[in-house]
Amino acid sequence: MDVGSKSENILEIKNLNVSYGDKKILNNISLNIKKNTITSIVGPSGCGKSTLLKSINAMLKEEEDAKVEGDILFNGININNMDLDEVRKNIGIVFQSPAPFPLSIIKNMTYALKYHGIKDKNTLEKKVVDTLEICGLYDEVQSDLNKSALRLSGGQQQRLCIARALTINPKVLLLDEPCSALDVKNTEKIENLLMRLSSEYTIVIVTHNLSQAKKISKYCAFMMEGEIIEYGEDIFSNPLDNRTLEYLRGC
């Protein structure tokens with residue numbers, strides 16, 4: 001199921017197993033993610049998609065009852081051998097429900113920058129403006145940067161969370177159902193944004209929306225019961241496994 005040559009893969013997941021107590025969530029996952037592409041992960045609820053994302057970001061290290069085995073390599077380096085701050089700096093994540101900090105818009109946008117030691121006011125301001133513009137949000141909020149981010153609409157909050165993740169220039173952006181709580185118009189804005197970003201960032205998105213996966217992703221992985229059943233460029237047009245075909249027909 002490996003796609004692309006080794007040199008093209010920014011992430012290499014090898015024999016990943018995750019369990020909570022006696023319950024196994026991920027079973028022997030091996031997956032290569034190619035640079036500067038969008039890869040979607042689809043499958044029924046509870047099949048382990050979100051757990052896979054959190055594994056890539058090393059978030060499971062924060063969960064005492066999670067047991068993780070196997071290797072995840074970022075640019076050839078095992079994330080277990082990387083400082084957690086360095087992992088999160090390079091591999092950002094945006095969750096299903098918009099989660100802006102209960103701070104002003106500008107403090108949301110400068111939080112990670114200041115955490116990583118950037119203090120210069122002009123540098124901070126330029127980064128905020130540039131990133132908000134990339135996410136199509138600056139024109140909408142430029143006069144309200146000191147107001148609470150919680151006052152933004154749901155779609156604006158989600159774009160803010162994506163912009164916030166981009167401020168520290170991650171190489172990989174993970175998104176867990178980022179449009180599930182949004183209407184059609186805001187969903188389209190997010191989809192168009194992700195397609196633009198994919199020329200500079202590697203994007204991995206978990207989604208139940210098969211039309212969305214087909215529209216925006218170059219590669220797609222189908223998961224079921226903690227395993228990757230099929231992975232490739234033409235899952236939607238030419239599924240090779242009957243389980244994939246049945247899932248696509250059922251949705």
Side-chain angles (χ1 to χ4, degrees), residues 10 33 35-41 50 53 56-57 59 88-116 118 120-207 209 211-213 215-218:
I10 192 167
I33 303 296
K35 293 179 182 178
N36 295 354
T37 59
I38 300 179
T39 297
S40 59
I41 303 174
S50 295
L53 277 199
I56 296 172
N57 188 248
M59 289 192 68
R88 274 76 184 272
K89 185 176 186 296
N90 284 286
I91 306 174
I93 191 166
V94 176
F95 297 102
Q96 178 174 357
S97 298
F101 302 143
L103 304 168
S104 67
I105 294 170
I106 195 162
K107 285 183 177 179
N108 266 268
M109 291 294 294
T110 59
Y111 187 92
L113 291 166
K114 290 180 177 179
Y115 179 84
H116 286 282
I118 298 175
D120 179 73
K121 183 178 179 181
N122 291 333
T123 301
L124 290 170
E125 288 180 354
K126 184 177 188 309
K127 190 63 178 179
V128 168
V129 172
D130 289 349
T131 312
L132 288 174
E133 284 183 340
I134 288 170
C135 293
L137 196 55
Y138 182 69
D139 288 345
E140 299 173 27
V141 302
Q142 59 178 314
S143 60
D144 298 319
L145 292 176
N146 291 311
K147 294 184 179 179
S148 172
L150 301 180
R151 295 179 60 182
L152 297 173
S153 69
Q156 289 175 322
Q157 286 186 19
Q158 194 64 296
R159 281 186 285 148
L160 176 69
C161 290
I162 294 173
R164 185 179 64 193
L166 296 179
T167 57
I168 52 174
N169 299 318
K171 302 297 187 293
V172 179
L173 184 62
L174 311 174
L175 301 109
D176 192 357
E177 293 280 2
C179 302
S180 64
L182 305 182
D183 59 23
V184 173
K185 184 177 180 180
N186 279 294
T187 293
E188 186 175 10
K189 287 182 179 180
I190 298 290
E191 291 172 348
N192 291 335
L193 168 61
L194 296 180
M195 287 189 286
R196 291 198 307 273
L197 291 175
S198 65
S199 64
E200 297 183 41
Y201 301 90
T202 301
I203 296 172
V204 183
I205 179 172
V206 164
T207 180
N209 186 333
S211 296
Q212 181 178 82
K215 174 184 177 182
I216 71 172
S217 59
K218 182 174 179 62

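- Residue-environment remark: CD (Glu188) stays at or below the threshold of 12 foreign heavy atoms within 6.0 Å.
- In terms of modelled atom types and a separation under 3.5 Å, the side chain of Arg159 and the main chain of Asn186 share no donor-acceptor contact.
- Residues Met109 and Leu160 have side chains in contact (heavy-atom distance under 4.5 Å, counting atoms from C-beta outward).
- Interatomic distance, CG of Leu194 versus CD1 of Ile162, reported as 5.5 Å (0.5 Å rounding).
- With contacts defined as side-chain heavy-atom distances shorter than 4.5 Å, the pair Thr39/Ser217 does not qualify.
- In this structure, Leu175 and Ile190 have side chains that are not in contact, with every pair of non-hydrogen atoms separated by 4.5 Å or more.
- Across every non-hydrogen atom of Arg164 and Pro100, the tightest pair is NH1-CA, 3.5 Å.
- In terms of heavy atoms, Ala165 sits closest to Leu173 at CB-CD1, 3.9 Å.
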Q. Does the pair Ile205 and Gln212 meet the rule for a side-chain contact (heavy atoms from CB on, under 4.5 Å), with working shown?
A. CA-CA 10 Å; Ile205 179 172; Gln212 181 178 82; 3.7 Å; yes
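- If you take CD1 on Ile105 and OG1 on Thr110, they are separated by 12.0 Å, rounding to the nearest 0.5 Å.
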Q: Any chance you could lay out the side-chain contact (heavy atoms from CB on, under 4.5 Å) test for Leu166 and Cys135, step after step, and finish with the verdict?
A: CA-CA 9 Å; Leu166 296 179; Cys135 293; 4.0 Å; yes
**Q.** Chi angles and distances behind the side-chain contact (heavy atoms from CB on, under 4.5 Å) call for Ile168, Leu113
**A.** CA-CA 6 Å; Ile168 52 174; Leu113 291 166; 4.1 Å; yes
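- A donor-acceptor pair under 3.5 Å links the side-chain atoms of Gln158 to the main chain of Phe95, judged by distance alone.
- Within the model, atoms CG of Leu137 and CD of Gln142 stand 10.5 Å from one another, a figure rounded to the nearest 0.5 Å.
- Within 6.0 Å of the OH atom in Tyr111, the count of heavy atoms belonging to other residues, nucleotides or ligands does not exceed 12.
- Judged purely by atom type and a 3.5 angstrom limit, Asp120 uses its side chain to pair as donor or acceptor with the backbone of Thr123.
- Taking 4.5 Å as the limit, some side-chain heavy atom of Glu177 sits within range of a side-chain heavy atom of Thr207.
- Residues Ile203 and Ile216 fail the side-chain proximity criterion, which asks for heavy atoms closer than 4.5 Å.
- Smallest separation of non-hydrogen atoms from Glu140 and Gly136: OE2-O, 3.3 Å.
- With a 6.0 Å cutoff to the six-membered ring centre and a 45° limit on the axis angle, Arg88 does not count as a cation-pi contact of Tyr115.
- The shortest distance between side-chain heavy atoms of Ile118 and Lys127 does not fall below 4.5 Å.
- No more than 12 heavy-atom neighbours from other residues, nucleotides or ligands sit within 6.0 angstrom of NZ on Lys107.
- Closest approach of Ala163 to Thr131, counting heavy atoms only: O-CG2, 3.1 Å.
- Other residues, nucleotides and ligands contribute more than 12 heavy atoms inside 6.0 Å of the CZ atom of Arg196.
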Q: Would you sort out whether Asn122 and Glu125 count as a side-chain contact (heavy atoms from CB on, under 4.5 Å), showing the intermediate values?
A: CA-CA 5 Å; Asn122 291 333; Glu125 288 180 354; 4.3 Å; yes
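- Considering only heavy atoms from C-beta on, Asn169 comes within 4.5 Å of Tyr201 through its side chain.
- For the pair Gln157 (side chain) and Leu152 (backbone), a donor-acceptor distance under 3.5 Å is present.
- The backbone N or O of Thr37 sits nowhere less than 3.5 Å from a side-chain atom of Thr202 that would complete a donor-acceptor pair.
- Of the possible polar contacts, one joining the Asn108 side chain to the Phe101 backbone as a donor-acceptor pair under 3.5 Å is found.
- With a 4.5 Å cut-off on side-chain heavy atoms, Ile38 and Lys218 do not count as touching.
- The line from OG of Ser198 to NZ of Lys35 is 15.5 Å long, rounded to the nearest 0.5 Å.
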